[in-house]
*Asks:* 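My questions all concern the structure below.
All values below come from the heavy atoms of this structure, side chains included, with hydrogens, waters and symmetry mates left out. Below, read A as the first sequence line, B as the second, and so on, with proteins coming before strands; counting in each chain starts at 1.
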Protein chains: 2
Amino acid sequence: MKNLNIHIEINSELYSKNPDSTELGQNIIAKSIELIYEIGFEAFTFKKLGILLNSPESTIYRYFKNKHILLIYLTSWYWAWIEYQLVFATTNVDSPRKRLLKSIDILTKPVLIDNSISYINEVLLSQIIISESMKSYHTKSVDEENKKGYFQTYKNVVQRVSEIVLEINASYKFPHMLISTVIEGAHQQKYFAEHLPSLTDTKKGTNSVTEFYTNMVIQVIK
Amino acid sequence: MKNLNIHIEINSELYSKNPDSTELGQNIIAKSIELIYEIGFEAFTFKKLGILLNSPESTIYRYFKNKHILLIYLTSWYWAWIEYQLVFATTNVDSPRKRLLKSIDILTKPVLIDNSISYINEVLLSQIIISESMKSYHTKSVDEENKKGYFQTYKNVVQRVSEIVLEINASYKFPHMLISTVIEGAHQQKYFAEHLPSLTDTKKGTNSVTEFYTNMVIQVIK
DNA sequence: GCATATTCGATAGTAATACTATTATATTTG
DNA sequence: CAAATATAATAGTATTACTATCGAATATGC
């Protein structure tokens, strides 16, 4: 996968000017990931990003309408990237059970290596997804933005893995609920491990999140 | 429970002046719940709340340092209230299995009736918890605030139900992970049902969230 | 290679937000 | 009735989240 140099296309409504099309745009993405990771989404502003980029904030506004849309752009990219990994890891694997286990692995394991398929640091981005991604859809504008397809790449991931669940047990009633519980739960548990440890039993650096959710899925669908 | 007129005490570091001690303070709580429910936490400001209360915003600042602390106050109240319900529903029930099932019921069922044990509308508050509560701890100040005990009532709920899990299966490795997955998952699924339905299989008004998580817990701990 | 878009930097400006401070008046309490 | 407390009214500040304009640099199209 390392040298495929895949290209991830993002819903064009998520940007005013495609950041992928210019060096500055790519820099906006790369530096915004670093800055959000460092200071958090609330404290993140286009002004601060502009200082990092040596560009006025008005230039950033030419690419993204506001920081909320930028966050949705970043999460869309992340889920498209995850879907790519899911496809790559499951093609040519006949056993649906093996495909499911591999998928859960991808969804629950920490992202530790920056594959450098692009100017995007996936390790930092995955940390942002854990800490901040729910803020992209916990807003008053969620219905409107959902209609415009802003969350499509996330839905694709849930749908894809749900289909494997149904291959194993066609009569299972709650495949989407199960998979979105796994995805969101794995994020939560990693966040808890770092910040609210009494809400979990896992510790950073262990694989108990994967162990827990793998076991959960196996038990629940049989 | 209706007429017990219970009194919920909140960590005194969460307010500058106890809102429970004055009529205005109680009004601040009551109206802030209505306003956050209506316009969402991002758009909610003390200025707008002041207009609703016919009080200048500076008065509200005498009770709460800022809107973030007010949100933590509201979530603390909610979890203390939930814990009270857990205790009430499980005392004198010998069977740990029955206690667990009852607890999951309380944690996953929608809050439909305002018990009016106080000036707080629990139905609206529970909606705020579903939509906004994660914002209270997904901040850069979470570690510092956790040290001050701001999230204690939530932890108490997780701890209490985890102990029931261990009564049933003392060797189960992940009781806290299981219970926090149930609590957060149930909120997520209700939110998805309303706003991102393709991420779930439940519909508003059904009890499939309770069904799913009850089954999940039973399967996983046996 | 020259005109013409396009892009970007520089600067300015605005409305709203998130507070803080001060003073005067009203109300409670001892 | 005095003293303490609470609140209303007002003013003010730094920051945020944008929008607008203009001119210089760069790329592209013929």
Side-chain angles (χ1 to χ4, degrees), chain A residues 12-32 35-36 38-74 119 132 135-136 138-141 144-145, chain B residues 12-32 35-36 38-74 119 132 135-136 138-141 144-145:
Chain A
S12 66
E13 285 203 56
L14 282 171
Y15 46 77
S16 312
K17 179 187 166 73
N18 191 344
D20 209 36
S21 69
T22 68
E23 214 192 306
L24 178 66
Q26 297 186 5
N27 243 299
I28 287 172
I29 300 301
K31 294 283 181 191
S32 68
L35 191 55
I36 294 172
E38 210 183 303
I39 66 177
F41 186 66
E42 271 71 39
F44 171 83
T45 67
F46 280 2
K47 187 163 200 170
K48 289 174 190 166
L49 180 59
I51 292 164
L52 254 180
L53 291 163
N54 272 100
S55 281
E57 52 176 342
S58 51
T59 302
I60 303 161
Y61 279 103
R62 290 203 188 92
Y63 288 84
F64 294 101
K65 221 180 125 207
N66 52 51
K67 70 174 184 174
H68 172 237
I69 299 292
L70 171 58
L71 181 63
I72 298 179
Y73 180 95
L74 294 177
Y119 46 90
E132 318 285 358
K135 294 170 191 169
S136 70
H138 276 273
T139 66
K140 275 283 157 179
S141 49
E144 195 187 311
E145 291 173 353
Chain B
S12 66
E13 285 203 58
L14 283 171
Y15 48 76
S16 311
K17 178 187 168 72
N18 191 344
D20 208 36
S21 69
T22 67
E23 215 192 305
L24 178 66
Q26 298 187 3
N27 243 299
I28 288 172
I29 300 300
K31 295 282 180 192
S32 68
L35 190 56
I36 294 172
E38 211 183 302
I39 66 176
F41 186 65
E42 272 70 39
F44 170 82
T45 68
F46 280 2
K47 189 164 199 168
K48 289 174 189 166
L49 180 60
I51 291 164
L52 253 180
L53 290 162
N54 270 102
S55 282
E57 52 176 339
S58 51
T59 302
I60 303 162
Y61 279 104
R62 289 207 189 86
Y63 287 85
F64 294 101
K65 221 180 125 209
N66 51 52
K67 71 174 184 175
H68 172 237
I69 299 291
L70 170 58
L71 181 63
I72 298 179
Y73 180 95
L74 293 177
Y119 47 90
E132 318 284 1
K135 294 171 191 168
S136 71
H138 277 274
T139 67
K140 275 283 158 180
S141 50
E144 195 188 309
E145 291 174 353

*Asks:* Grab the CD1-P distance between Ile69(A) and dA17(D) for me, whole Å please.
*Replies:* 14 Å
*Asks:* Between dT7(C) atom C1' and Asn18(A) atom CG, what is the distance in whole Å?
*Replies:* 15 Å
*Asks:* Over all heavy atoms of both residues, which pair between Leu14(B) and Ile69(B) is shortest? Give the atoms and the distance, please.
*Replies:* O-CG2, 2.9 Å
*Asks:* Could you work out, with ring pair (Phe, Tyr, Trp, His ring centres under 6.0 Å) as the rule, every residue matching Tyr73(B), not counting sequence neighbours?
*Replies:* Phe64(B)
*Asks:* Do you know which two heavy atoms are closest between Phe46(A) and Asn66(A), and how far apart they sit?
*Replies:* CZ-C, 3.5 Å
*Asks:* Enumerate the side chain to side chain donor-acceptor pair (under 3.5 Å) contacts for residues 14-23 of chain B, please, sequence neighbours excluded, ordered by first and then second residue.
*Replies:* His7(B)-Asp20(B), Tyr15(B)-Asn18(B), Asp20(B)-Tyr119(B), Thr22(B)-Tyr63(B)
*Asks:* Encode nucleotides 16-22 of chain C as B, S and - characters from 5' to 3', where the letter depends on protein heavy atoms closer than 4.0 Å: B to the base, S only to sugar-phosphate, - to neither.
*Replies:* -SSBBB-
*Asks:* So for atom NZ, which belongs to Lys31(A), do other residues, nucleotides or ligands contribute more than 12 heavy atoms lying within a distance under 6.0 Å?
*Replies:* no
*Asks:* Take atom CG of Asn54(B) and atom C1' of dT10(D), then tell me their distance rounded to the nearest Å.
*Replies:*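 Value for this atom pair: 16 Å.
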*Asks:* Just N and O in the side chain of Ser55(B): are any of them under 4.0 Å from OP1 or OP2 of dT7(D)?
*Replies:* no
*Asks:* Taking atom P of dT5(D) as reference, at what distance in whole Å does atom OH of Tyr63(B) sit?
*Replies:*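 In whole Å, dT5(D) P and Tyr63(B) OH are 14 Å from each other.
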*Asks:* Return the set of residues passing side chain to side chain contact (heavy atoms under 4.5 Å, CB included) with Glu13(A) (not counting sequence neighbours), or none when no residue passes.
*Replies:*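 Side chain to side chain contact (heavy atoms under 4.5 Å, CB included) list for Glu13(A), sorted by chain: Asn11(A), Lys148(A), Tyr150(A).
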*Asks:* Sort and list the pairs that fulfil salt bridge (charged side-chain N to carboxylate O under 4.0 Å, His left out) and have at least one residue in residues 42-64 of chain A, not counting sequence neighbours.
*Replies:* Glu42(A)-Lys135(A)
*Asks:* For Leu49(A) versus Ser32(A), what's the shortest heavy-atom pair and its separation?
*Replies:* CD1-N, 3.6 Å
*Asks:* In whole angstroms, how far is the C1' atom of dA9(D) from the CG atom of Leu53(B)?
*Replies:*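 Leu53(B) atom CG is separated from dA9(D) atom C1' by 16 Å.
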*Asks:* Take the protein atom CD1 of Ile51(B) and the nucleotide atom P of dA9(D), then report the distance between them rounded to whole Å.
*Replies:* 13 Å
*Asks:* Show each protein N/O and nucleotides 23-26 of chain D N/O combination with a separation under 3.5 Å, one pair to a line.
*Replies:*
none

*Asks:* Rounding to a whole Å, what distance do you find between Phe64(A):CZ and dC18(D):C1'?
*Replies:* 17 Å
*Asks:* Rounded to the nearest Å, what distance is computed from the CD1 atom of residue Ile28(B) to the C1' atom of nucleotide dA8(D)?
*Replies:*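 It is 13 Å, rounded to the nearest whole Å.
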*Asks:* Ignoring hydrogens, what is the shortest heavy-atom contact between Ser55(B) and Leu24(B)? Give both atom names and the distance.
*Replies:* OG-CD1, 3.6 Å
